[in-house]
Protein chains: 2
Amino acid sequence: MAARPTMKDVALAAGVSLMTVSRVVNGDRGVSPQTTARVEQAVSRLGYQRNDNASHLRRKAQTTRTIGLVVDDLANPFYATLARAVEDEAYRRGYLVLVSSTNDDPRREREVVLAFSARQVDGLIVVPTAGSHSLLKAQMAQGMPVVCADRPARGLDADTVTVDNRDATRKAVTHLLAHRHRRIAYLGDQRDIWTLRERFAGYQEALRAHGVELDPGLVRHGLRSRAEAAQAVAELMSRQAPPTALFSSNDLITVGAIDGLGAPLPRVALVGFDDFPLADRLPRPVTVVSQDPATIGGTAAQLLFSRIDGYQAPPRSVVLMTRFIARGSGEIPPP
Amino acid sequence: MAARPTMKDVALAAGVSLMTVSRVVNGDRGVSPQTTARVEQAVSRLGYQRNDNASHLRRKAQTTRTIGLVVDDLANPFYATLARAVEDEAYRRGYLVLVSSTNDDPRREREVVLAFSARQVDGLIVVPTAGSHSLLKAQMAQGMPVVCADRPARGLDADTVTVDNRDATRKAVTHLLAHRHRRIAYLGDQRDIWTLRERFAGYQEALRAHGVELDPGLVRHGLRSRAEAAQAVAELMSRQAPPTALFSSNDLITVGAIDGLGAPLPRVALVGFDDFPLADRLPRPVTVVSQDPATIGGTAAQLLFSRIDGYQAPPRSVVLMTRFIARGSGEIPPP
DNA sequence: GTGAAAGCGCTAACAT
DNA sequence: ATGTTAGCGCTTTCAC
């Protein structure tokens, strides 16, 4: 467990001054080939590596070439794909990425943002929790570039990358209405998350546009797992007047809904938000609204780096399009 | 874009010395309540945050409370889940995590490990690429704790967390043999990856133990995508004497194999390494060998932190058990 | 209880 | 072409 060599050690070993070592290590011109060779030899003999933290501390442009990424849950394939896209964009620019999941807990978000900021990250990409964001606001006021991905942060004027949640849901539910469904259940995740409020709003708008009154008995919010979704669907289907169609507000709930329908599959139409692997290979291929997390992440990273590079202008809001993919489950007519 | 306040600024604002601010910020005792209050007020008025990098640089125990995680591909649900488990373990200990994907490219691994090391991470968790690992070796020699996850690094004596790849595959193929299959195809990923060499070895061992000669025509290595796997299976099935059973060496290939079988599904048994969502809900539920990436990641993190905490002993190798899950596709007898 | 001086590992600015 | 000095933001050490 030998202590790491420093520039001082290299200077001593090479018989030059510390400054000369610095020049060689940083590739600055103005060092004779002979000296350069001597220093490089000492570097490799000692296994010297520059301490980037010390370097960043001293440099004029106080930049760490590190960004922070705060997501809901890294294990969720959606955020994992988003994270990978961010990471690739960062890698191309020679930046490193600190990541953390929040589990949608505002307190944990707060801790993580503080920790990242204390580490002097050059910018933050955040999938904001449902809470308030006074901290992020304060960070931005101090000059920290912040980009929101997947959803905006309440009351925060920052660059944002989202998809057309409301519009896409309206179209999806309209698709079911066009197939003559009138009892369309809504299967929702937590209602305090922006994306889900938007999706529910789209559901309501579609019904209203078709003169269909919303039946509160067909609406379920707060489904947090596949099992909860399955349970909710089983209950809905055993009602006096069961729904003839289901709209599911994310991939997890869609899969749970299929669980809840059981086998053999009853005659119920199903459209889900989010595409998922094998949706096309299930016994009844699933019609979905598909969004592209890689593009969301990549776009967020580009916005962030433009700010880091000094771009000054009012916040931009990028809305990416979703794709409606009809596979069968959404095209079943009512009984 | 105001420059961030430093301790000096806070000291000036509170009318105390820089040292007193440091004491208050770090919660050291020995500061009068009145002074503490004055300093705290100045801190919050200026929005002061300690620069952790500077702090770490000067501290006696030169530790950054940051670890590096290097995976094959963060967008792959397997590694995403592993990463999440590492992150949780780090969070519990107040550590941050730098992540990067390598795409199994040894050069990129090299770059990333160097970058992490230059940032003074306290330790590394690596899913090693197939290449040589002289760099990791050098890092360890300089006192950097390193843990390998999912597979060992060739020629590197480090803590390692893996699963019983060979054994599990032997059992899976034996399962097919027990169902009287004799023409069992092997669908493999890149052969230079350790896990896949192990799995292929298990396949060979099972055949040998049952006196079945290996038919090279039934073995496909190097399948790198769902599409390539589908193509390979389509070719295999159109042979003079097609296989009656398939062993697939990872989840991606298993799904590709199902694609390649087409519809209606021919009478072919299928067992795959890796479980995947909805494997139980496909028209023919898929029999799999299931491993648990969260436990792999969590265990790797625990091993790493024990080293960071100073545990000194020869490298430990933890082998986690897989689970065989029979769901139907692997229990189909030959025609 | 509080502060002044030194220095972590490095680079900017100015010598020579 | 090379070296010296100062100092990034902070903590250690020692003095008062």
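Chain identifiers are assigned alphabetically (A, B, ...) following the order of the sequence lines, protein sequences preceding nucleic acid strands; residue numbering begins at 1 within each chain.
- Scanning for side chain to side chain donor-acceptor pair (under 3.5 Å) contacts around A:S117 gives A:Q139, B:R4, B:Q49, with sequence neighbours left out.
- For B:D292, the side-chain contact (heavy atoms from CB on, under 4.5 Å) test picks out B:A294, B:T295, with sequence neighbours left out.
- Residue pairs that meet the ring-ring contact (aromatic ring centres under 6.0 Å, His included) test with at least one member in residues 58-91 of chain B, sequence neighbours left out, do not exist here.
- The bend of the helix from C:dG1-D:dC16 to C:dT16-D:dA1, defined by the angle between the axes of its first five and last five pairs, stands at 40° to the nearest 10°.
- In this structure, B:F116 has no ring-ring contact (aromatic ring centres under 6.0 Å, His included) partners at least two apart in sequence or on a different chain.
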One character per nucleotide, please: for nucleotides 2-10 of chain C, 5' to 3', B when the base has a protein heavy atom closer than 4.0 Å, S when only the sugar-phosphate does, - otherwise.
BBB-BBBBB
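- As a whole-Å value, the separation of B:H56 NE2 from D:dC10 P is 12 Å.
- Listed by chain and number, the residues in a side chain to side chain donor-acceptor pair (under 3.5 Å) with A:S101 are B:E87 (sequence neighbours excluded).
- Contacts of A:F305 classified as ring-ring contact (aromatic ring centres under 6.0 Å, His included), with partners at least two apart in sequence or in another chain: A:Y95.
- Partners of A:T129 under the side chain to side chain donor-acceptor pair (under 3.5 Å) rule, at least two apart in sequence or in another chain, are A:E109.
- Shown are A:V147, A:V161, A:D159, A:T160; of these, the side-chain contact (heavy atoms from CB on, under 4.5 Å) with A:R316 is made only by A:D159.
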